[in-house]
Structure formats: C-alpha cells, structure tokens
Amino acid sequence: NIVSEKYNSLLFHAYRGVRDGYDKAEQYVFENPHEFFNKRHEASTKNAKVLSEFYLRLLTDFKSKDMVLKMGTYGMTYFLIDNKALLCFKMLNKKGKITNALTERHKNSMAGNDVKLKKSVIAELRKRGVEDQPPIYYLGYQPTEKGLIIKLLRFENNEPVFELNLSEMFINKNEKIS
C-alpha cells in the first residue's frame, strides 16, 4: 500500500528531503570541519538535516502532512504513515544495509521484528486504533561516486524484502509526481 499512487507526493517529499537535506549537510560539514572530529557526529548531522528537510516539505503539503505523524522514541524518529507503516530515515552502507549502532532495536528492526517503543508512542498508536506495531520502512540513502541513491526499504532476516529505488523513480520522471 505504501507505494500506491495515493502516496506519490509523500514519497516525493521524502526523496527530495533526503536529497536536499543531505546536500545541505555535506555543505555544512565542508564549511565547518572543526566540528566533526568523529563520524557519529557527522552522521547525526546529516540525518538531522534530512529529517528537517522532509518535515519542512510536509508542512507545505496539507494532504501529505495529514497522513503523517512524527514520533520520537529512544533517540529514534519515526513517521507514522496513514496508521499503516513507520518510516525511518537512515544512511545505507556500501552493501545497501542500514548503518546504525549495533543495538537490540537495530537487530530487531533488521530481522523485521517489533522494536521497543516508548509507552507514550504505544498509547498514541492505540488511540489511533493501531493495535500491532506497524512495519518499519526505511528511507535509505547511500552516497556513491555517481551521486546519492535513495531507496525505500523493508528488512526481514537481515535482508531487504522490499526495495523501491526512489532515485530512479523520480529522476526518470524529471522529478515530477505522476
């Protein structure tokens, strides 16, 4: 359902949010090298800029914004999409896997299992009629020599079971929503 025409605008905002946010972060890192003594801070800055760009784009599109609820839990930011799926933005490594600290949550997420959520997040899901934890989809981005690759991914058993290349989807359409 998350790739149906109903969600084209939302996916386009996600694609552009990643692309533009990553570009802004790269520029910021380049202009402020003294701030980035470790890669974790750089990765965190890039992800923060990506999330910011995505959310700012949602604010300009009421139809898409009405489908999305931003939720924070244990240092992670998820976007609940139409009460059906959780969307999380993360960088991909060279093998196309999510880069993250090796935590129990990451292990469960990559296995396709439920992750631990704060009680307030669980209460909000229940209030919306969502009894079971929605599946987690990642908006993964991977810098390459040819540019930034942006994909929508879902993992199970540590492998992608769903993959949609948003870079190809939107670049091939001259970045226009179908």
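Hydrogens, waters and symmetry mates are skipped; everything else that's a heavy atom, side chains included, is used. Note that the numbering runs from 1 along the sequence shown for the chain.
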### Query
Is it the case that more than 12 heavy atoms not belonging to K118 sit under 6.0 Å from its NZ atom?
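Yes, the 6.0 Å shell around NZ holds more than 12 heavy atoms from other groups.
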### Message
Is it the case that atom CG in D132 sees more than 12 heavy atoms from other parts of the structure closer than 6.0 Å?
### Response
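No, because the 6.0 Å sphere around CG of D132 holds 12 heavy atoms or fewer from other groups.
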Is there a donor-acceptor contact under 3.5 Å from the side chain of [X] to the main chain of [Y]?
X    : Y    : answer
K97  : N158 : yes
N38  : R40  : yes
R126 : E131 : yes
E42  : V29  : no
N157 : E159 : no

Same cluster for [X] and [Y] if Ile/Leu/Val/Met/Phe/Trp/Tyr side chains link at under 4.5 Å?
X    : Y    : result
L148 : M169 : yes
Y138 : V161 : no
I149 : I98  : no
L56  : M67  : yes

[X] [atom1] to [Y] [atom2] distance, which is reported to the nearest 0.5 Å:
X    : Y    : atom1 : atom2 : result
N47  : L139 : CG    : CG    : 10.0 Å
L153 : L92  : CG    : CG    : 6.0 Å
Y22  : M91  : OH    : CE    : 4.5 Å
N113 : F155 : CG    : CZ    : 14.0 Å
K65  : L10  : NZ    : CG    : 12.0 Å
S52  : D20  : OG    : CG    : 11.0 Å

Nearest heavy-atom neighbours spanning [X] and [Y]:
X    : Y    : answer
A85  : Y137 : CB-CD1, 3.8 Å
I136 : Q133 : CD1-OE1, 4.3 Å
F62  : L59  : CE2-O, 4.3 Å
N93  : Q142 : O-NE2, 2.7 Å
L166 : L11  : CD1-O, 4.1 Å
Y141 : F89  : CE2-C, 4.4 Å

Taking C-beta and beyond as the side chain, do [X] and [Y] meet within less than 4.5 Å on heavy atoms?
X    : Y    : answer
F79  : I81  : yes
Y78  : L117 : yes
S9   : K63  : no
R128 : L69  : yes
L86  : V115 : no

### Message
Taking E53 first and then K24, would you say they form a salt bridge - that is, a charged N and a carboxylate O separated by under 4.0 Å?
### Response
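Counted as a salt bridge, because a side-chain N and a carboxylate O are separated by less than 4.0 Å.
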### side chain to side chain contact (heavy atoms under 4.5 Å, CB included) partners for Y28, two or more places apart
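So Y28 forms a side chain to side chain contact (heavy atoms under 4.5 Å, CB included) with N32, E35, F36, T45, K49.
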### Residues forming a side chain to side chain donor-acceptor pair (under 3.5 Å) with E156, sequence neighbours excluded
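E156 satisfies side chain to side chain donor-acceptor pair (under 3.5 Å) with no other residue.
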### Task
Output all residues satisfying side chain to side chain donor-acceptor pair (under 3.5 Å) with D61, sequence neighbours left out; order by chain, then residue number.
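D61 satisfies side chain to side chain donor-acceptor pair (under 3.5 Å) with H13, S64 only.
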### Task
Tell me, with the steps shown, if L80 and E124 meet side-chain contact (heavy atoms from CB on, under 4.5 Å).
CA-CA 10 Å; L80 179 63; E124 181 63 32; 6.0 Å; no
### Message
For F12 and R57: C-alpha separation, side-chain torsions, deciding distance, then whether side-chain contact (heavy atoms from CB on, under 4.5 Å) applies.
### Response
CA-CA 10 Å; F12 182 71; R57 291 182 179 287; over 6 Å; no
### Task
Applying side-chain contact (heavy atoms from CB on, under 4.5 Å), run through L152 and L87 and close with a yes or a no.
CA-CA 9 Å; L152 181 65; L87 182 63; 3.8 Å; yes
